[in-house]
Structure formats: C-alpha cells, structure tokens
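Working notes, beginning with the structure itself.
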Amino acid sequence: MPLALLALAIGAFGIGTTEFVIMGLLPEVAADFGVSIPTAGFLVTGYALGVMFGAPLMTVLGTRVPRKRMLMLLMGLFIVGNLLSAVAPAFAVMLIGRVVASLAHGAFFGIGSVVAADLVAPDKKAGAIAMMFTGLTVANVVGVPLGTLVGQHIGWRVTFGIVAALGVVGLAGIARLVPELPRARGVRLRHELAAFKNAQVLLAMAMTVLGFGGVFAAITYIAPMATHVTGFADGSVTWLLVLFGLGMVGGNLVGGRYADRALMPMLYVSLGALAVVLALFTVTAHHKALAAVTIVLIGALGFATVPPLQKRVLDQAHGAPTLASAVNIGAFNLGNALSAWLGGLVIAAGLGYTAPNWVGAALAAALVLAVVSSALERRDGVPGTVVAAGAAAQRAVAHH
C-alpha cells in the first residue's frame with residue numbers, strides 16, 4: 001500500500017474526530033454559550049446536514065480541479081471550520097464553523113476513495129479504500145475519547161484547536177505524498193450525473209442508507225440504554241464507545257480485504273449477521289458482558305459493509321465515479337439521521353430504550369436489496385452471454 005494512503009488516513013482521522021467528539025462535549029459547549037442541551041444538539045444535526053448537502057455541492061464545484069488540489073482545498077476548508085469553532089464568540093458562530101467543516105467531509109471521502117482506488121492494482125482497490133477509512137475508525141478509538149477528555153478537563157476550545165492542527169498535518173501529508181492526479185479526461189458534470197441513472201448505483205446507495213443506518217439506530221441511544229437497561233455507570237459509556245470503535249477498525253479492515261475477493265458475498269454475510277446481532281441486542285442489553293461483546297460486533301459488522309459498498313458504487317459508476325462516491329458518503333449520514341429519528345420515535349412511543357435495536361435490525365434487512373442487486377446483475381448478464389456464445393458458434397461454423 002502506497003504512503004499516500006497514510007496521508008488520506010490522517011485527514012480521515014481528523015474528520016472522524018471532529019464529527020463525533022462533539023457528542024461528548026455537548027454539556028460543556030451548552031454551558032459555555034448558555035444554551036440548552038437540545039439547542040446544542042444542532043451542532044450535531046447541522047454537521048450531518050452539511051455532509052449530506054456539501055458532498056455533491058463540493059464535488060460538483062471540484063469537477064474542473066485536479067483531484068490532489070481538490071483534496072488540499074477540502075482540508076483547508078476543514079481547518080478553517082474547526083478554527084472558527086475553537087474561537088467562536090457566540091453559539092451561532094460555532095454552528096457556522098461546524099457547517100463549514102462539514103462541507104469538506106463528504107467530498108473528501110468521496111474524492112479520496114477514487115484517489116485511493118487509483119493508487120493500487122485493480123484487485124486491491126477495496127483494501128486501499130479501507131486503509132483510508134481506517135483513519136475514520138481509529139478516530140473513534142483514540143481521537144474521540146482523547147478529545148472528550150481534553151475538552152472536559154482543559155476546555156472544548158482546545159479540542160477543536162487540536163483537531164484543526166490535525167487538519168494541517170493531513171494537508172501537509174497530501175501535499176507531500178499524494179501524486180499529481182489530473183482530472184479524468186473527457187469527464188464532465190453531465191457524465192457524473194449520468195451515473196445516477198444506473199439502478200445498481202441507486203441500489204448500492206440504498207444499501208448504504210439502510211445498512212449503516214441500522215448501526216446508528218442502536219448506537220445513537222447507547223448511553224441511555226447502557227445506563228438504564230444494562231446498569232453501567234455513566235462514566236462507562238466512553239469505554240463502551242471505544243469498544244464500538246475497535247469493532248469498527250477490525251470490521252473495516254476485514255471488509256476491505258474480502259470485498260476485493262468476493263464483494264457481494266461479503267455484503268450478504270455482513271448485512272445478514274448485522275440484522276441478527278441487532279435483534280439479539282434487545283436481549284443481550286440486559287447483561288453487561290454480553291452487551292459489551294454485542295457492541296463490538298455491531299461496530300465490526302457495520303463497518304465491514306463500508307469498503308464493499310463504496311467499491312460497489314465506484315464499480316457501477318465506472319467512468320465518472322467521483323460524484324457518486326461523494327454522494328454515497330452523504331448516504332451514510334442520511335442513514336444516521338434517519339435511524340436516529342426512527343429510534344427516537346419508538347422510545348417516545350414508550351417501547352423502551354432497547355426498541356431502537358429492532359429498528360436497526362429492520363433497517364439492516366438491506367440484505368434484501370443486495371440479493372435484488374445480484375439478481376438484476378445476473379439477469380442483465382444473461383443476454384450478453386447468450387449473444388457472445390452465439391457469435392462464437394457462428395465464427396466456429398464459418399471457420400470450418
């Protein structure tokens with residue numbers, strides 16, 4: 001794996017840290033600005049919406065810019081957004097900073113996935129994408145807990161200052177290690193948009209929304225579930241999230257490794273097992289040790305779907321993959337928002353803190369879409385095979 005992937009992973013680490021660290025610092029930020037916790041929650045919502053809308057917007061704006069230069073510009077935007085958050089004199093200014101930083105998120109991972117795949121041989125593309133996403137998963141094991149610790153003991157502004165510094169390191173790494181990759185010749189915005197006419201691209205994105213959404217249906221409400229149902233102390237939630245992050249790291253690497261060998265079977269196994277584990281979490285949530293193991297499995301199975309889904313989009317949108325790749329990153333965030341909303345609905349309906357796990361299991365039934373996608377592929381492949389066989393037979397007859 002080329003060193004350029006390390007630079008992309010560092011950028012991904014910074015982005016992953018800033019996305020999730022705010023969840024652990026909401027009380028401190030709310031107290032500092034004199035706003036309520038629900039109001040402070042707009043810092044999470046605003047970021048997610050920024051990713052959803054920023055991914056296609058920034059990618060479209062970058063269609064005429066070489067990919068390396070665009071990655072550097074996106075890291076610059078990320079740095080500015082986090083610095084703005086760190087020095088914000090008012091809540092509204094911090095919210096703007098969060099949105100500015102989020103605009104870099106989707107396009108960075110979308111363009112970064114294309115660059116990572118281009119840096120390696122065809123049979124190593126999913127592994128290269130997984131290597132870049134390792135930065136995001138490691139952020140949940142190291143960056144988020146440390147950032148939360150620093151924010152709680154030294155100040156949340158220091159945390160965002162450190163995240164901005166990580167962005168500087170990522171920017172320097174991209175400038176130094178990523179080779180010059182010119183914009184693909186002949187590719188225009190209309191070519192990028194044409195990818196969305198492909199049913200397979202849309203099916204892959206639907207799998208992304210539902211499959212990964214299943215993970216966040218459970219994890220969004222892990223704190224009340226762990227403390228009110230399982231019986232963990234409040235301080236244990238951070239370490240449960242570290243376990244979740246460790247599962248994400250392992251699942252991401254395994255998903256990348258096996259997606260290069262058998263992409264669709266990898267999706268069948270990971271999505272199917274994820275649905276089962278999420279359903280079981282309604283039972284294991286009542287036992288501390290079993291709950292901890294289940295949380296690791298949810299992280300592992302959830303992120304085992306990321307490299308194959310991202311590679312599936314790249315493969316199906318061949319020729320103009322950049323916009324589709326970036327929009328698929330937005331699809332992950334759409335899944336997060338959708339599942340968190342549905343999970344909140346079932347809790348509000350009085351079904352209990354474990355009810356979101358059933359929502360997650362239902363969403364992870366995106367396995368059905370994977371089966372449909374394969375069936376369509378086989379169906380579309382049959383005519384071509386028959387025609388090719390017929391042509392070969394005619395050539396054979398003519399030869400004799």
Side-chain angles (χ1 to χ4, degrees), residues 2-19 46-87 93 96-119 128-129 131-133 135-136 139 160-185 187-189 191-193 310 314 320-330 332-333:
L3 271 177
L5 293 176
L6 176 61
L8 295 175
I10 292 170
F13 179 85
I15 290 173
T17 300
T18 205
E19 179 181 16
Y47 189 95
L49 291 174
V51 175
M52 282 175 55
F53 293 107
L57 174 64
M58 298 307 296
T59 305
V60 166
L61 292 176
T63 51
R64 298 184 179 276
V65 181
R67 287 168 179 159
K68 174 177 178 175
R69 189 181 306 165
M70 191 61 195
L71 286 172
M72 292 173 66
L73 289 171
L74 290 168
M75 285 311 297
L77 198 62
F78 171 81
I79 294 165
V80 170
N82 280 286
L83 283 177
L84 194 56
S85 294
V87 302
V93 178
I96 292 170
R98 290 288 292 167
V99 172
V100 169
S102 73
L103 293 176
H105 183 127
F108 182 87
F109 281 109
I111 296 170
S113 293
V114 177
V115 170
D118 284 349
L119 290 172
I129 294 169
M131 187 66 70
M132 181 187 72
F133 274 93
L136 178 64
F160 284 99
I162 292 172
V163 171
L166 284 172
V168 173
V169 175
L171 175 59
I174 292 168
R176 178 71 179 86
L177 298 174
V178 174
E180 292 292 343
L181 297 166
R183 184 172 56 85
R185 290 180 179 273
V187 175
R188 297 290 186 270
L189 179 57
H191 297 131
E192 296 279 351
L193 290 171
Q310 195 70 1
L314 290 178
T322 310
L323 182 59
S325 176
V327 170
N328 198 47
I329 300 299
F332 283 108
N333 281 267

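Counting begins at 1 with the first residue of the sequence. All figures in this text were calculated on a predicted structure; none of them were measured in a lab. Side chains are part of it too, since the values below use all heavy atoms of this structure and drop only hydrogens, waters and symmetry mates.
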Once rounded to the nearest 0.5 Å, what's the spacing between atom CD1 of Ile79 and atom CG of Leu74?
11.0 Å
Answer yes or no: is there a donor N or O on one side and an acceptor on the other, between the side chain of Thr18 and the main chain of Gly14, under 3.5 Å?
no
Run the side chain to side chain contact (heavy atoms under 4.5 Å, CB included) check on Phe53 and Leu103 step by step: do they pass?
CA-CA 8 Å; Phe53 293 107; Leu103 293 176; over 6 Å; no
Which heavy-atom pair separates Ala116 from Ala128 by the least distance, and what is that distance?
O-CB, 3.4 Å
Met58 and Ala107 have their tightest heavy-atom pair at CB-CB, 3.7 Å
How close do Phe108 and Ala12 get, heavy atom to heavy atom, and via which atoms?
CE2-N, 3.9 Å
Ser102 to Gly50 - nearest heavy-atom pair and separation:
OG-CA, 3.1 Å
Interatomic distance, CD1@Ile10 vs CD1@Ile15, rounded to 0.5 Å, equals 12.5 Å
Looking at CE of Met75 and CG of Leu166, how far apart are the two atoms once the value is rounded to the nearest 0.5 Å?
8.5 Å
Apply side chain to side chain contact (heavy atoms under 4.5 Å, CB included) to Phe160 and Arg98, showing your working.
CA-CA 10 Å; Phe160 284 99; Arg98 290 288 292 167; 3.8 Å; yes
Any idea which heavy atoms bring Val178 and Lys68 closest together, and the distance?
O-NZ, 2.8 Å
What one should report as the nearest heavy-atom pair of Ser85 and Gly97 is OG-C, 3.6 Å
